[in-house]
Every structure is written in C-alpha cells, then in structure tokens.
Amino acid sequence: MTALLFEHVSRLRTHLDGLRARSQSIGVVPTMGALHEGHLSLVRAAKDRCGVVVVTIFVNPTQFGPNEDFAKYPRNLERDLDLLARQDTDVVFAPAVSEMYPPSEQTRVRVTQVSEGLCGAHRPGHFEGVATIVAKLFNAVGPGVYFFGRKDYQQWRLVERMASDLLFPVVVVGCPIVREHDGLAMSSRNVYLSAEERAAAPRLGAALSAARALYRAGECDPALLLARARSIIQPEGSVGPELRIEYLELREAATLAPVTVDGAGRLTSGRSDLVLLVAAHLGTTRLIDNLEL
Ligand code: AMP
C-alpha cells in the first residue's frame, strides 16, 4: 500500500496526533533517501515493534561540508516511495529544505564529547548539522521509537546522548549493519564507486572482521589489532585502487571514548564493549564501517 506523503510539519502533526489519540505506537526511520536494503531493514524493525511507521526523507544541507557531495547526493523520491510501499510504510515525511530551515532560522544543536574525533574530526560541522536536523525531526514527528543504523555508529551514539540530554520523549534504537554478500556495508554512496573501486571496497569489512577474530583469539594489544586491519585495507604490493585510511580506531562502544592501555600496552578497557571504526577514501568516495568486537 502506498504511504501517505507529507511535506509540511503542521499536516504531519495533525495526522500523527490523530493516530496517537487512537493509541497507535509510532516508529520512525530518519533517512536521506536513495534507499537500500540497510534502510529497509530499519523499516522492518519499526514495523515489528510499532503500529505505525513513519519514514522521513530529507537530504540535510547542514550536515554536508562545503566540499562534500550535497549537490550530487542521489535523490529519487519516486523510487523510494515505491520501495517503501512494498514494506507497507504508513507515512512518509519528505519536506523541502525551506520547511526545515526557514530563512529566519538561526538555531543549531551541538553535542560535545561524543561528536569529537572520528568523523567529527574530519567533517567539521557535520555532527552539528546531524544533531540539529534530528532534534527538528524529533519535534516535527513527535514522541515515538526512532530507528537508526549502527552503520553510522558515532551518529547513533550522538543521537542517543542528545535524546537523553535534551529530554526528548523518544526511544532511540540502534539496528545492525546490513552488508552486501561480499561484506561491503550498504550505503547510498556505494553508487559512486567504479567497478574497480567496488571490487576493492570489501577490504574494509574484511579488515574489521580479521581484527575481531584476532581479538577474540585473545590478542589485547590495540596496536597489533589495528596493524592486522591495516594490512588488509592496504595489502603490500596490491595493484588497483588504493583505500586511503582517514581513521582506524578502537573505541569504547558505549561512549566512544578512546580505549585505555596498561604499561605493557595491553587493553585495560572492558573486554566486551569495544568497537573498531574506520573511514577511508576510495577514489573520490568516502566510506565508513565499524564492527563491535
Ligand atoms: P542515511 O540515509 O545514509 O542518512 O541513513 C539513514 C539511516 O539508515 C541511518 O540511521 C543509517 O545508519 C541507516 N543505514 C544506512 N546504511 C545502513 C546499513 N548498511 N545497515 C544498517 N543501517 C543503515
């Protein structure tokens, strides 16, 4: 069934207030469109848990840097609506930029520690844009269960933090990463990859898995875990497109704080709650991935 499409906050609110009055629970999946199986897995998780599912589609200008891909980011609302209809999505909210950022707006939301380092260090202003648009969506769509992908691990942790700090009446759920058959994490940006780049891209996921295997075999020297991952991302003597690592870091999963080591360089952080995160450039495309160890 085709979803009801809203472009304005006021009409969306009126509709959802009516559903809440009938005791319907609301599940929300915020996206930037160009939907793939990763997004659809969030829609299914929302369907399983909530009576009504709202998918938001908005390419948020404030989270893109001046030299990033805002203008060329893939947009195809017709196709997205078709995919969502097949998942029985109830409501789609696809506002224009002017609806979310009217000309007079001047407010931004900044979350501190959790947005520092990793993507935050390499994409200045990115997480301020993310926090701002997610706060606006929380207010536009209202109370509900919000589903985010762990693909964007730092974003998910930041949204959890902000929802708690600002007392938003929402529940934030983090869902598992959906991967292609060869281990590449699904992303709307994968369409940018040439055939050769696409063939090299699964090295990121493979590197994280190899480091996790080493960790699970008892290795607790972060330098050796990272070296293992690096050797797969950038194999010696490899020909073809190069994956240029932007960051490759081991962090505490809940807070994203850097891990701690003892005098011998061995992990002193809890052994069950670490995450290995990577960002790399392949040609002109930036890819991110992560794995909880
Ligand atoms: P985006 O449209 O890229 O902003 O993503 C919208 C939501 O889908 C975010 O919560 C992402 O983390 C999530 N998502 C994107 N790709 C995947 C994936 N491969 N697996 C799981 N969730 C994903």
Side-chain angles (χ1 to χ4, degrees), residues 27-49 53-65 68-70 72-77 79-81 83-84 87 89 92-95 97 100 114-115 118-119 123 126-127 129-138 141 144-163 170-193 198 201-202 204-205 208-209 256 275 277-279 285-292:
V28 191
V29 180
T31 80
M32 297 204 298
L35 302 181
H36 50 66
E37 196 50 40
H39 299 111
L40 300 182
S41 74
L42 303 185
V43 175
R44 285 192 289 273
K47 270 268 157 200
D48 284 349
R49 201 161 150 176
V53 172
V54 180
V55 174
T56 72
I57 298 179
F58 182 65
V59 184
N60 174 36
T62 63
Q63 73 187 68
F64 288 80
E68 293 184 0
D69 56 344
F70 175 68
K72 76 162 184 172
Y73 196 83
R75 293 164 171 88
N76 191 341
L77 185 60
R79 178 178 169 277
D80 290 345
L81 292 176
L83 289 171
L84 292 173
Q87 303 294 331
T89 305
V92 171
F93 177 51
V97 170
M100 302 313 282
V114 70
S115 70
L118 305 169
C119 289
R123 302 185 69 188
H126 170 68
F127 284 123
V130 168
T132 301
I133 193 61
V134 174
K136 284 172 185 261
L137 289 174
F138 283 166
V141 184
V145 186
Y146 285 71
F147 295 82
F148 288 84
R150 295 185 186 203
K151 160 83 184 350
D152 300 275
Y153 203 89
Q154 190 174 16
Q155 168 176 282
W156 166 50
R157 291 306 198 189
L158 169 140
V159 169
E160 275 187 331
R161 185 74 263 145
M162 178 185 72
V170 302
V171 174
V172 175
V173 176
C175 298
I177 300 177
V178 177
R179 296 176 181 280
E180 302 284 0
H181 64 278
D182 56 8
L184 174 64
M186 289 192 182
S187 164
S188 305
R189 291 188 166 100
N190 291 349
V191 298
Y192 299 154
L193 299 172
R198 175 63 189 79
L204 279 188
L208 300 178
S209 296
L256 292 183
V275 59
L277 307 106
V278 66
T285 308
R286 182 176 179 275
L287 300 174
I288 58 170
D289 201 350
N290 68 81
L291 197 63
E292 287 165 330

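Counting starts at 1 for both ligands and their atoms, in listed order.
In this structure Tyr153 satisfies the ring pair (Phe, Tyr, Trp, His ring centres under 6.0 Å) test together with Trp156, sequence neighbours excluded. By the ring pair (Phe, Tyr, Trp, His ring centres under 6.0 Å) test, Tyr73 is found to be paired with Phe64, residues two or more places apart in sequence or in another chain being considered. In this view, Arg179 and Asp289 satisfy the salt bridge (Lys or Arg N to Asp or Glu O under 4.0 Å) rule, not counting sequence neighbours.
Protein residues having at least one heavy atom under 4.0 Å from any atom of ligand 1 are Pro30, Thr31, Met32, His36, Gly38, His39, Leu42, Tyr73, Phe148, Gly149, Lys151, Asp152, Gln155, Pro176, Ile177, Val178, Met186, listed by chain and number.
In this structure, the side chain of Gln154 engages the main chain of Cys119 through a donor-acceptor pair within 3.5 Å. In this structure, Asn290 contributes its side chain and Arg150 its backbone to a donor-acceptor pair below 3.5 Å.
Taking all atoms of both residues into account, the shortest heavy-atom contact from Gln155 to Phe148 is NE2-CD2, 4.2 Å.
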